[in-house]
Amino acid sequence: MTCWLTLLMGLLWSFAARELAAQDRAARPVGTTATPTDTLAAPPVLQNRSTVPGVVEVTLTAAPARLPLMPGAPTEVYAYNGRIPGPTLELHEGDRVIIHFRNELPEPTTVHWHGLNLPADADGSPFYPVAPGGQFDYVFTIGPGTAGTYWYHPHPDGRAGYQVAKGLYGAIIIRAADDPLPASIPEKLMILSDNRLRPDGSIDLPDPDSPQGQVDMENGREGDVLFVNGQIMPTLPIRSGEVQRWRIINAAAARIFRLALPGQTVLQVGSDGGLFERPVEVGEILLANSERVELLVRGDGLPGGRTMLQTLPYDRYVPQTRPTDWNRARDLVSLSYSRQPPLPRVALPSTLRPIPALDTGQAVVTRVVVMTQGLINGKVMDMSRVDFHGRLGTTEIWEIENLVGMDHPFHLHGFHFQVLDRNGVPEPSRRWKDTINVPGHETVRIIVRFDGYAGKWMFHCHIPPPPPSLATAGRSVLPGSGSGPARAIPGYLTCMRWVPRRR
Ligand code: C2O
Ligand code: CU
């Protein structure tokens, strides 16, 4: 009995080592494999308990759990409904959504529905914390034109980074009744994330004063293990000639993925706020944390072959804290061809939907947003301060400048925007965005129309402050602030709010 167990554990460990080693190698060109088995498991969809048409009513609980993140020792995590990633919230445009949320964590939390246009009190921002043992009903309606790929994650004041590192994240898919892409195209969801574990399986959350703690403070927390839907290098089968629709979410705290799929034709059809006006053929895709893409991948390889979805080296760092292995390509998913004969070519639409340009002539103000390490316009996050006041129904231009050498992904809550230009170069195609990467020493101009809901909205860099370990969390609590780290200067989640006032 014991030796069977030992043998089994040995097998699991060697599996883990093999998978990790495989993840580190560069992609091979198309070669031969056995008939591929689909191991890319998408999280289950949250069960709708409403029988009323157009109403989605679900229950979501955040609680501590013990889960095997890697084969071997289980990890003490935080999980939504007991799994990582959390279950997928699948909705349709026009749905009325009621999420009964229960916080069974030992600390306050919120659930932020990243990218959705909804009432401010349903946004899950730090202004609406849910106490340990508490409950909150998030109620909102999905507007027309919002079909796309989104995600949800905790957003409590000062603790978002810790809770995401512990495992709290999940996907949102919103569907349109008039989706222009053929329904016959199979859909694949890929939630990308990373983590860093100690040999005993625990999540590595270094002391902020340690060398690694200092690096995390500068870069945001990156992990060396890359996950796709919580799995390490899963296999996705495809048939020659087949077209698949991939929805990819970057749920990592700080890592920017530079995605490539050697040997494949890839059409990008959408990003944060849904479909483009027309498909764009792409070679590689830069996906900053919190950004999403929708791709059409056509199986161009030969039956029995395979290729890899990879992330290529991307230098988002300052030289002092650039990781030594930053220039290594990593494999994410093995795309394996079945031995079936090629499928006939699928006809794809050449236009998807109109995206009317927001009119710069309508802009009532141009705001300058300057990002440096941990600061926006020279200020750290303060929950009681409001930095900009605006009006519902108006259009604004925001000039977002990154004055430092490291990339900063900028996110605005509650409203989608369009990118006008980057460093003065007009954006080649229009798309709806809620997060935009601003590379070091670059400037991005966006245009936004504040349609929707009045309230206090956040904007910030989407690299949360690195989570203090539990041991240091106690001593870094600011008196009176509840949960924010006392190290005020290095916090990256510099948040300012925008208060639309009704005319
Ligand atoms: Cu993805 Cu302020 O959040
Ligand atoms: Cu930043």
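All ligand and atom numbering here is 1-based and tracks the order in the structure. Numbering of residues begins at 1 and proceeds along the displayed sequence. Both backbone and side-chain heavy atoms feed into the values below; hydrogens, waters and symmetry mates do not.
- Put simply, the angle at atom 2 (Cu) of ligand 1 from NE2 in H460 to NE2 in H413 is close to 110°, to the nearest 10°.
- Judged as a side chain to side chain donor-acceptor pair (under 3.5 Å), and not counting sequence neighbours, the contacts of R445 are D421.
- Looking at H462, its N, O or S atom nearest to atom 1 (Cu) of ligand 1 turns out to be NE2.
- Distances from atom 1 (Cu) of ligand 1 show that H153 has an N/O/S atom below 2.8 Å.
- H408 has its closest N, O or S atom to the Cu ion (ligand 2) at the position named ND1.
- Among the atoms of H462, none of the N, O or S atoms falls under 2.8 Å from the Cu ion (ligand 2).
- Take the N/O/S atoms of H114: the one nearest atom 1 (Cu) of ligand 1 is ND1.
- Taking the six-membered ring for Trp and thresholds of 30 and 60 degrees, F410 and W398 have ring planes more than 60 degrees apart, a perpendicular arrangement.
- The ring-ring contact (aromatic ring centres under 6.0 Å, His included) test with Y152 singles out one residue from W113, F101, Y138, and that residue is W113.
- At least one N/O/S atom of H155, from backbone or side chain, sits under 2.8 Å from atom 2 (Cu) of ligand 1.
- Rounding to the nearest 0.5 angstrom, the gap separating the CD atom in Q418 from the CD1 atom in I397 is 11.5 Å.
- Distance CD1/I232 to CE/M70: 5.0 Å, rounded to 0.5 Å.
- The shortest distance between side-chain heavy atoms of K188 and R245 does not fall below 4.5 Å.
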